[in-house]
Enquirer: 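Structure incoming, see below.
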Amino acid sequence: MNSNGGNSKLWGGRFSEGTNALVEAFSESVSFDARLWRQDIAGSTAHARMLGRIGVLTAAEVEAICSGLAAIAQDIEHGRFQWRQELEDVHMNIEAELTARIGEAGKKLHTGRSRNDQVATDMRLYVRDAIDELLAQIDTLQRELIDAAEREVDSVMPGFTHLQVAQPVSFGHHLLAWREQILRDAQRLADARRRTNVLPLGSAALAGTPYPLDRHFVAELLGFAAVSENSMDAVSDRDFAIEFTAACALAMVHLSRWSEELVLWSNPLFGFVRLPDGFCTGSSIMPNKKNPDVPELVRGKTGRVVGDLNALLVLTKAQPLAYNRDNQEDKPPVFDAHDTLAACLRLYAALVPRMELNRARARAACAQGFPTATDLADYLVSKGLPFRDAHHVVGEIVAFAAHQGCDLAALPLADLQRFSPLITDDVFAKITLEASLAARTTYGGTAPTQVRAAIVRARAQRNASESDERGTAT
Ligand code: ARG
């Protein structure tokens, strides 16, 4: 509080008393938005350069501001910066420090700008960076999945529907299914990036400003593809943050599905996959335990990110135009969604290459559920029986085999022929696991020939998107 009873805040001119201590603690955001310092300094540096270009600041002032900001950045980077709660947020902490260091010129930085367009700019820069980081991580994970799929093209495991054994599939095919999921997540993030990469700065508080700001120049300096069209929209909407978090939430939902499968597969009752010891933990009481904590935690953390999305949706709901302080609450969910997804992607990229199918166990599991029954029906179709009749005949054979306690391929020919005289000796070659796999040659099917072709396409697609990025990252 000033000696004259006023308010010492940067905005304190019209206030006759200092901020209530409870209010100060309640409304500060520097405890979490300090994380935006790089973006804030980049935005301020670009704004200052532009003010110099249009003649609002002198060249000397621009120089003082830019080198002052660079020095502050160094100090923050090295943990030498004193963040102050009474200065509310990242923006005013940096601005106050700048003025303390360089004097008058520092007080001119905020010309033609508001914290409303400043914070919207910072958040867009942050989300853009976060997307680029996540896209690189997803690309690494994709590469691991494709490589693992290649090693396991010929490994047979039961494919499930309703979590009941359905038909044999290649483990490589299963891994490529995961890859398709995460690929679409990458596409969603890249798509959200396009709408994120629009500059709000120059919208000022909500209505624009009388200064002849060169917004396109600022956009160019900060790498934004466009400037926002409407100042009221630009300072108030956080839909880009919602889209980003929605893409993160959906990616987490996918990872939670993989996690569930790993929890099941690593259970000795399945025994399909052995998780490396380094990715599991034990029990403090049961010496026998080796628990799949990583997949369990990924599955659990999915709830957080879905919660982050929900928080942002509800935060934005019913907000009148333009900026409202509610928007300050956008940061924790966005940061949390980013951190959580990044951590889970990192773990899975490390785990996937160390994940091995126990081929014997996976094969043995196929013997539990007559997974080649459809192949037997297809065999009867090839002998002229309509599919619906073939289905019925094979149903009866399955019931018989279940009663005998053996797999279809283990039934003597004479027994099979009691159900259909169309069955001859050549049937056995058709109802092995390998034959079943090899027969599923539709585009995108599990036949090893198809899985190999899918791997070739996946690699080509990765390379193409890599050179795309090189082409546009100018
Ligand atoms: N800390 C604020 C936020 O995150 C910055 C903008 C404050 N604007 C204002 N008019 N009080 O939204």
Side-chain angles (χ1 to χ4, degrees), residues 7-15 17-20 22-44 46-47 69 72 76 81 83-99 109-130 196 198-209 222 228 230-242 244-245 308 311-338:
N7 186 308
S8 61
K9 301 286 186 207
L10 290 191
W11 39 254
R14 63 103 74 205
F15 289 76
E17 67 174 10
T19 307
N20 178 292
L22 286 173
V23 172
E24 189 167 293
F26 182 69
S27 59
E28 68 84 26
S29 55
V30 68
S31 56
F32 50 89
D33 69 13
R35 182 167 174 169
L36 292 172
W37 67 267
R38 282 177 209 281
Q39 290 78 13
D40 200 66
I41 286 179
S44 289
H47 183 65
L69 288 172
I72 291 173
I76 299 173
F81 191 84
W83 297 102
R84 286 159 55 194
Q85 179 186 281
E86 66 274 21
L87 290 172
E88 268 185 51
D89 53 28
V90 60
H91 323 296
M92 292 200 293
N93 266 272
I94 291 174
E95 188 190 321
E97 178 65 20
L98 180 70
T99 300
L109 169 61
H110 211 53
T111 311
R113 185 176 77 166
S114 156
R115 275 185 296 156
N116 297 351
D117 58 345
Q118 188 178 357
V119 71
T121 301
D122 291 3
M123 283 302 282
R124 282 176 184 268
L125 286 171
Y126 181 90
V127 168
R128 195 179 75 183
D129 292 347
T196 300
V198 175
L199 175 76
L201 205 65
S203 303
L206 76 165
T209 135
L222 293 172
S228 57
N230 181 296
S231 58
M232 297 178 77
D233 171 53
V235 294
S236 66
D237 211 328
R238 295 293 182 267
D239 56 357
F240 66 94
I242 294 175
F244 166 70
T245 308
D308 293 330
L312 288 173
L313 287 167
V314 178
L315 168 71
T316 307
K317 175 188 174 291
Q319 269 196 51
L321 283 173
Y323 175 85
N324 301 285
R325 191 67 178 269
D326 314 40
N327 285 333
Q328 179 165 294
E329 291 289 318
D330 65 349
K331 287 156 206 76
V334 166
F335 296 159
D336 185 67
H338 173 206

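Ligands are counted one by one from 1 in listed order, and the atoms in each one are counted from 1 as well.
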Enquirer: Below 3.5 Å only, please: the N or O atoms of ligand 1 paired with protein N or O atoms, distance on each line.
Expert:
residue, atom, partner, partner atom, Å
ligand 1, 1 (N), Ser29, OG, 3.3
ligand 1, 1 (N), Asp89, OD2, 3.2
ligand 1, 1 (N), Gln328, OE1, 2.8
ligand 1, 4 (O), Lys331, NZ, 2.7
ligand 1, 8 (N), Asn116, OD1, 3.0
ligand 1, 10 (N), Asn116, OD1, 3.2
ligand 1, 12 (O), Tyr323, OH, 2.3

Enquirer: Salt bridge (Lys or Arg N to Asp or Glu O under 4.0 Å) with Asp89: which of Arg115, Arg325, Lys331?
Expert: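 With Asp89 as partner, salt bridge (Lys or Arg N to Asp or Glu O under 4.0 Å) holds for just one option, Arg115.
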Enquirer: Verify, without hydrogens or angle tests, whether Asp308 (side chain) and Ala337 (backbone) share a donor-acceptor contact under 3.5 angstrom.
Expert: yes
Enquirer: Report the residue from Glu95, Glu24, Glu86 that forms a salt bridge (Lys or Arg N to Asp or Glu O under 4.0 Å) with Lys9.
Expert: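 Of all the options given, the one that passes is Glu24.
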Enquirer: Quick one: does Glu329's side chain have a donor or acceptor within less than 3.5 Å of a partner on Ala311's backbone?
Expert: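 No; judged by distance alone, with no hydrogens or angles, the pair does not exist.
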Enquirer: Could you tell me whether a side-chain N or O of Asn324 sits under 3.5 Å from a main-chain N or O of Pro320, the two making a donor and an acceptor?
Expert: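 Side chain of Asn324 to backbone of Pro320: a pair is present.
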Enquirer: Indicate the atoms forming the closest heavy-atom contact of Leu312 with Ala241, along with that distance.
Expert: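 Distance-wise, the nearest heavy atoms are CD1-O, 3.7 Å.
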